[in-house]
Structure formats: structure tokens, C-alpha cells
S.K.: 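Below: one structure in C-alpha cells.
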2 protein chains.
Amino acid sequence: MPRQADHDRRRRQIAEAVWRLAVGGGLEEVTLRQVAAEAQVSARLLQYYFGTRTDLLLGALKILNDDAEHRARERLALLGETPGMHAIVRGVLLELLPVDEERRTRHLVYAAYFVRFLTDPDLAGVARDAPRALEDLVAGLITQGQDTGQVPRRVDAAAEAAFLVAGAEGLQSSVLLGQRTADEAVAMIDHQLARVFTPTPA
Amino acid sequence: MPRQADHDRRRRQIAEAVWRLAVGGGLEEVTLRQVAAEAQVSARLLQYYFGTRTDLLLGALKILNDDAEHRARERLALLGETPGMHAIVRGVLLELLPVDEERRTRHLVYAAYFVRFLTDPDLAGVARDAPRALEDLVAGLITQGQDTGQVPRRVDAAAEAAFLVAGAEGLQSSVLLGQRTADEAVAMIDHQLARVFTPTPA
DNA sequence: GCTGTTATGGTTCGATCGAACCATAACAGG
DNA sequence: CCTGTTATGGTTCGATCGAACCATAACAGC
């Protein structure tokens, strides 16, 4: 049945198999044969759609990354018309937590790739910018919060933003490792946000 | 030259080779042959000292873990006779940051094992308790700080301790990924500690 | 000074890996 | 309807993997 193949769909189907295997046992388990079996296609198709194994690893990560951005925007849009800084910051930080199966898988896949990011420039290029961008975004929102009196002037917006993001990432690890539930992590984020977003007198 | 072999030394020599390879390319690179070459011993010796590859991975992690605890205690002892809560908490949190080559390697090795912790009970057993123990330790120190007037009564010791640990772990990731320097991360920890450890009036 | 255990090197085997190669049905465009 | 590209399955090859096996020097204890 050629010529009517949906390339994007096929690539996604294969990429998802890569994710599942990576989550289950690290990149070591992501072998061409295993991916083929998991995606229920022939090994030949992996070569056709992605090329070499290195390309497959890179391609599957790219799709994961594009997904992350796309879904995050969707969810943030769901916050309503004029969400308020507090709610937006909360939404951004929740993207970093494994609060549902989608985000759990995503962060676990990133974890499986982690050490590779340090040595493989191609992989690093895909996932490099996100964390810094998040910090800047949060910092901007906190600054806006200061201008509208929701955040005290005395807080250092950049420092607080960076530590909130770092805290969310640390909580992510602890949830993935089963040391606390996602709900507990969310509650801890809210606790910190309540500290930062304090209606200031004057 | 038998009978005068120092088993602990040999095992450490091999474990360090495992760490280097894991840091360089993940557990995928930790093959018996590569470890043998890196440690400059024959593959046969790996079997002799560790057994199967699974055992090797587990054994190398155990040694890493024991090292972590031992070295942390050493460094905390170096703080002096009566360090004060603030200094101890700072020391504990700095153990989580890649501030030197030793700790950088350690945390990268943990990162390489990460996804395995979720599915392999043996591996999980080795590294499971540490984070919770750290949180409790920090929480206790903050509570003591409250009793001695170094920390305001209004802070939630447990919540703040957990978030400090989470923040340190998030900063760890960002330093490993080269998004900021270890010094910057330390400065951010100090910024947060200054907020918590505020001499309280009355 | 034998003897048995300890520490080590080397080799081999079946399995699996990534990648290249071979084949061919199904459709598109002329 | 014919033809060439597209999408796919299957097979094969050399390399490498983990693990078992074979060998043996060096020392310890008697």
C-alpha cells in the first residue's frame, strides 16, 4: 500500500516506540530490532524513515521536543483569557513535573538521553535552549507581578525565577523516582509560589 | 603475582573505569571489553571480581554510593567544631552540586543510571534512601535554627528543606548541562539560604 | 619442597547488533 | 495501460557482545 503513507504518522509511531523502550531501560534498549518490534514494523522501515540508529535517536528526540513545546502552549492557552502572572508561572512550572503520563514519559526520555547531551552536539542542540528560556519567561512574569503589586519589590526576580525552575526540576526527579507523588510536588510548588506572589502593601 | 592482590583496590580500579565510561556515553558504553580496556586489565578479571555485567553495574554503583557518603561526612567534619546550622545546611546542599571533579563525576554517573532505578529493584535499593535522608537532615537543622532564633518561626521547616534539596538537584542538572557555572549555582543556594536563615527579632 | 588455592591472561561460542542489500507490491502520472 | 517512484518485507554480513571455558604462574601452608 505505497504512495498513501502518512510520513509524519509513521515517524511518530516509530518515535513513540523509541520513547517506550528508552523509558523502560535506557538508550541501551533502543536497538533497531527492538524498536521495530515495539512499533510493529519491519527493521527496514526504521532505516527508511530515520536512517541510521544515531539518526533515529536524534529524530525521536526532536519529535519529543516539538511535542513538548506544542503541548505546553496548548495547556497554557487553556488557562483562559487573562490568566494572571501567578497562574501562568504555575502552569509553566507544572510542565516540568510528571503530573500525567504524557509528561512523565517525556521527562523520563530526557533523563535517558541526559549524559549524551554532554558529549553529542547534535543531541544537545535539540534540548539546549528550553531551560534558559523557561527561566527568562518566569523572571519576566515575576517582574510584571512586581509592577502590578502582586510581588514584593524586594524579591530578586531573576534569582527567584531560576530557583523556582531548578526546584521544579528537582521535584521532577523525586517524583519520577517515586519518592513523592506528583500532587505533593504540586503542593510544594504552590507553597513557594504563595511566598513569591504576596500582595504587597503600598 | 597472586595472593598479594588487594581486592578492594582492584574493585575500585575497575569501578572507576565503569564510571568514566558511563559519564562519557551512558551505560551503553559500559561493555565488559571497554571496561577492561579502560581499567587496563583483562576482561577475565572483571568476571573474577564482579561476575556478570549486571553485577558489575551494581557493584560499581555501590562503591560510588559508599564513596559519596564517606566523602560527604569528611567534608562536613572539615567545617570545624561548632559549625552552626546555616553552614551545615550549606555543606549538605553543596554535596548535591558538581563543584569539583569528584562530585561532577558522581552525579553524572547517577544520571547515567537514572532510568534503571525505576525498573531494577537491586539498583534502586542502593540509591533510594539518600534524598529523603537529606531532606530530613536539613529539616531538622532548620528546626534547630528556629529554636536558636536564626530562622523565623513562620517558615515551614519540612517544606523549605524539601524545596532547598529539590532546588539543589535542579541546579545540579543545569550545571552539568553547562547552562551555568558551579559558582553561580552556589551563589543561588546562598541567596536562598540567606532568605531562610534570617536572624529573627524577639 | 610439595600441593592446593588464588589471581590472572587468553580463547571461544552462540546471540545480537547496525547496516547494507535484494526484492516487490501498490499506486501516480503520463 | 504502461512506467517509474514509493513504501515496504526479508535476508545477510562483519563486528561486537556477555559469558563460559582453558590454562598457568605465583604464592601460602604444611
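Computed from a predicted structure; not experimentally measured. Numbered from 1 within each chain, the chains take letters A, B, ... in sequence-line order.
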S.K.: With sequence neighbours excluded, tell me which residues meet side chain to side chain contact (heavy atoms under 4.5 Å, CB included) with B:Q40.
M.R.: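 With neighbours one apart ignored, the set is empty.
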S.K.: Let me know the distance between CG of B:L21 and P of D:dG18, rounded to the nearest Å.
M.R.: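 After rounding, the gap between these two atoms is 11 Å.
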S.K.: If you only use heavy atoms from C-beta on, which nucleotide in C:dA19, D:dT8, D:dG18 is closest to the side chain of A:Q47?
M.R.: C:dA19
S.K.: Can you tell me the distance, in whole Å, between the CG atom of B:L46 and the C1' atom of C:dA7?
M.R.: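 Between C1' of C:dA7 and CG of B:L46: 14 Å.
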S.K.: When you measure from the side chain of A:Y48, which nucleotide among D:dT6, D:dA19, C:dA20 comes out closest?
M.R.: D:dT6
S.K.: For A:L57 and C:dA19, give me the distance from atom CG to atom C1', rounded to whole Å.
M.R.: 15 Å
S.K.: Extract all donor-acceptor atom pairs below 3.5 Å that involve side chains of residues 125-144 of chain B and protein atoms in other chains or at least two apart in sequence.
M.R.:
from   : atom 1 : to     : atom 2 : distance (Å)
B:E135 : OE2    : A:R180 : NH2    : 2.5
B:T143 : OG1    : B:A139 : O      : 2.9

S.K.: Which residues pass the side chain to side chain contact (heavy atoms under 4.5 Å, CB included) test with A:A60, not counting sequence neighbours?
M.R.: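 A:A60: side chain to side chain contact (heavy atoms under 4.5 Å, CB included) contacts with A:A15, A:V18, A:W19, A:Y113.
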S.K.: Round to the nearest Å and state the distance from B:Q13 atom CD to C:dT8 atom P.
M.R.: 9 Å
S.K.: Can you list the residues that meet the salt bridge (charged side-chain N to carboxylate O under 4.0 Å, His left out) rule with A:R10, with sequence neighbours excluded?
M.R.: none
S.K.: Side chains of B:R153 and B:D147: does their closest heavy-atom pair fall under 4.5 Å?
M.R.: yes
S.K.: Take atom CG of A:L45 and atom P of C:dA19, then tell me their distance rounded to the nearest Å.
M.R.: 16 Å
S.K.: Could you give the CZ-to-P distance, from B:R9 to C:dT8, as a whole number of Å?
M.R.: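 In whole Å, C:dT8 P lies 11 Å from B:R9 CZ.
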S.K.: In whole angstrom, give the distance that lies between atom CD of B:E29 and atom C1' of C:dC17.
M.R.: 14 Å
S.K.: Sequence neighbours left out, what pairs pass side-chain hydrogen bond (donor to acceptor under 3.5 Å, both in side chains) with at least one residue falling in residues 116-125 of chain B?
M.R.: A:E28-B:R116
S.K.: For DNA chain C, which residues of residues 31-44 of chain B approach it to below 4.0 angstrom with any heavy atom?
M.R.: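 Going residue by residue through residues 31-44 of chain B, the ones with a heavy atom under 4.0 Å of DNA chain C turn out to be B:S42, B:R44.
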S.K.: OP1 or OP2 of C:dT6 less than 4.0 angstrom from a side-chain nitrogen or oxygen of B:H7, does that happen here?
M.R.: no
S.K.: Find the runs of at least 3 consecutive base pairs, i with j, i+1 with j-1 and so on, that include DNA chain C, using Watson-Crick or G-U wobble geometry with both distances under 3.5 Å.
M.R.: C:1-30 with D:1-30
S.K.: Please name all residues satisfying ring pair (Phe, Tyr, Trp, His ring centres under 6.0 Å) with A:F197, sequence neighbours left out, ordered by chain then number.
M.R.: A:H86
S.K.: Could you pull out all residues at least two apart from B:D67 that satisfy side-chain hydrogen bond (donor to acceptor under 3.5 Å, both in side chains)?
M.R.: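 B:D67: side-chain hydrogen bond (donor to acceptor under 3.5 Å, both in side chains) contacts with B:R12.
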S.K.: Would you indicate, yes or no, if C:dA7 has its OP1 or OP2 atom less than 4.0 angstrom from a side-chain nitrogen or oxygen of B:Y49?
M.R.: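 For C:dA7, neither OP1 nor OP2 has a side-chain N or O of B:Y49 closer than 4.0 Å.
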S.K.: Would you say that B:E102 contacts B:R106 through its side chain, given a criterion of any heavy-atom pair below 4.5 Å between the two side chains?
M.R.: yes
S.K.: In this structure, how many angstroms lie between the P atom of D:dG9 and the CZ atom of A:R10, rounded?
M.R.: 7 Å
S.K.: Can you identify which nucleotide, out of D:dA7, D:dT8, D:dA19, has its nearest atom closest to the B:T52 side chain?
M.R.: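 Looking only at heavy atoms from C-beta outward on B:T52, the closest nucleotide is D:dA19.
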